[in-house]
S.K.: 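Can you keep this structure in mind? I'll have questions shortly.
All figures in this text were calculated on a predicted structure; none of them were measured in a lab. Only this structure's heavy atoms are used, side chains among them; waters, hydrogens and symmetry mates stay out.
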Amino acid sequence: MQFGRLFRRTMNAVLPPALFLALTGYFGWQATQGAHGLHSYHQQLQLLDDARESQKNAVEEQTAWRRRVSGLSEGALNGDMLDERARAMLNLANPNDIVVPYDKHDQLY
């Protein structure tokens, strides 16, 4: 009889605080490491920074392409510069051009 009462008293004294500590530990773990905890929050912030960086790079690339495409409009093209650039890229000369050969050791300027 004495043993049963002692056991019940011990359980009444130990079980509620142990349950409370276990519950506190569970919620503490979830607050830091859980799906919506601090660790996940920092991962989401890192993803947000990466997305903003990607957006900034995309906007810069889009601006560069817009500038290049606007240079191709009819009013922006200069015929002489276009002809000169095409010849330089294709390594061609016009039959009416005067070609002055030079040695590779000669200075051009």
Side-chain angles (χ1 to χ4, degrees):
M1 197 59 114
Q2 208 60 324
F3 180 71
R5 189 181 303 164
L6 183 64
F7 182 73
R8 210 171 329 140
R9 268 184 148 173
T10 306
M11 283 297 132
N12 286 340
V14 172
L15 194 59
L19 191 61
F20 176 73
L21 284 174
L23 196 60
T24 303
Y26 172 76
F27 283 118
W29 175 263
Q30 290 298 324
T32 57
Q33 303 295 326
H36 301 288
L38 295 174
H39 186 66
S40 178
Y41 176 71
H42 290 296
Q43 286 178 341
Q44 292 296 324
L45 288 179
Q46 181 64 37
L47 288 174
L48 181 62
D49 290 342
D50 293 344
R52 285 182 179 155
E53 185 69 27
S54 295
Q55 180 186 18
K56 180 181 152 198
N57 292 340
V59 168
E60 289 173 358
E61 185 177 355
Q62 183 182 28
T63 304
W65 277 106
R66 283 184 195 267
R67 191 176 341 106
R68 291 179 81 181
V69 168
S70 69
L72 295 174
S73 67
E74 191 173 331
L77 289 177
N78 184 342
D80 292 336
M81 288 177 54
L82 183 63
D83 186 49
E84 177 187 347
R85 187 69 187 139
R87 285 193 217 176
M89 290 182 76
L90 296 173
N91 199 20
L92 296 175
N94 192 349
N96 296 331
D97 286 345
I98 299 173
V99 177
V100 179
Y102 62 94
D103 192 25
K104 52 181 163 170
H105 299 296
D106 293 341
Q107 281 189 337
L108 295 178
Y109 302 109

S.K.: Side-chain heavy atoms under 4.5 Å apart, restricted to Ile/Leu/Val/Met/Phe/Trp/Tyr: what other residues fall into the cluster of F7, or is it alone?
M.R.: M11

S.K.: Let me confirm one number: the CG-CD distance from L38 to Q43, rounded to the nearest 0.5 Å.
M.R.: 11.5 Å

S.K.: Got more than 12 heavy atoms from elsewhere within 6.0 Å of CD, E61?
M.R.: no

S.K.: Given the rule in the side-chain contact (heavy atoms from CB on, under 4.5 Å) test, do M89 and R85 qualify, once you have shown the distances and angles that lead to the verdict?
M.R.: CA-CA 6 Å; M89 290 182 76; R85 187 69 187 139; 3.9 Å; yes

S.K.: Linking Ile, Leu, Val, Met, Phe, Trp and Tyr through side-chain heavy atoms less than 4.5 Å apart, which residues share a cluster with F27?
M.R.: L23, Y26

S.K.: To the nearest 0.5 angstrom, please state how far the NE2 atom of H39 sits from the CD atom of Q44.
M.R.: 11.0 Å

S.K.: So D80 and E84, do their side chains get closer than 4.5 Å, heavy atoms only?
M.R.: no

S.K.: Please collect all salt bridge (charged side-chain N to carboxylate O under 4.0 Å, His left out) contacts where either partner lies in residues 38-53, sequence neighbours excluded, each pair once.
M.R.: none

S.K.: Looking only at heavy atoms, which two atoms of G34 and S40 are closest? And how far apart?
M.R.: O-CB, 3.8 Å

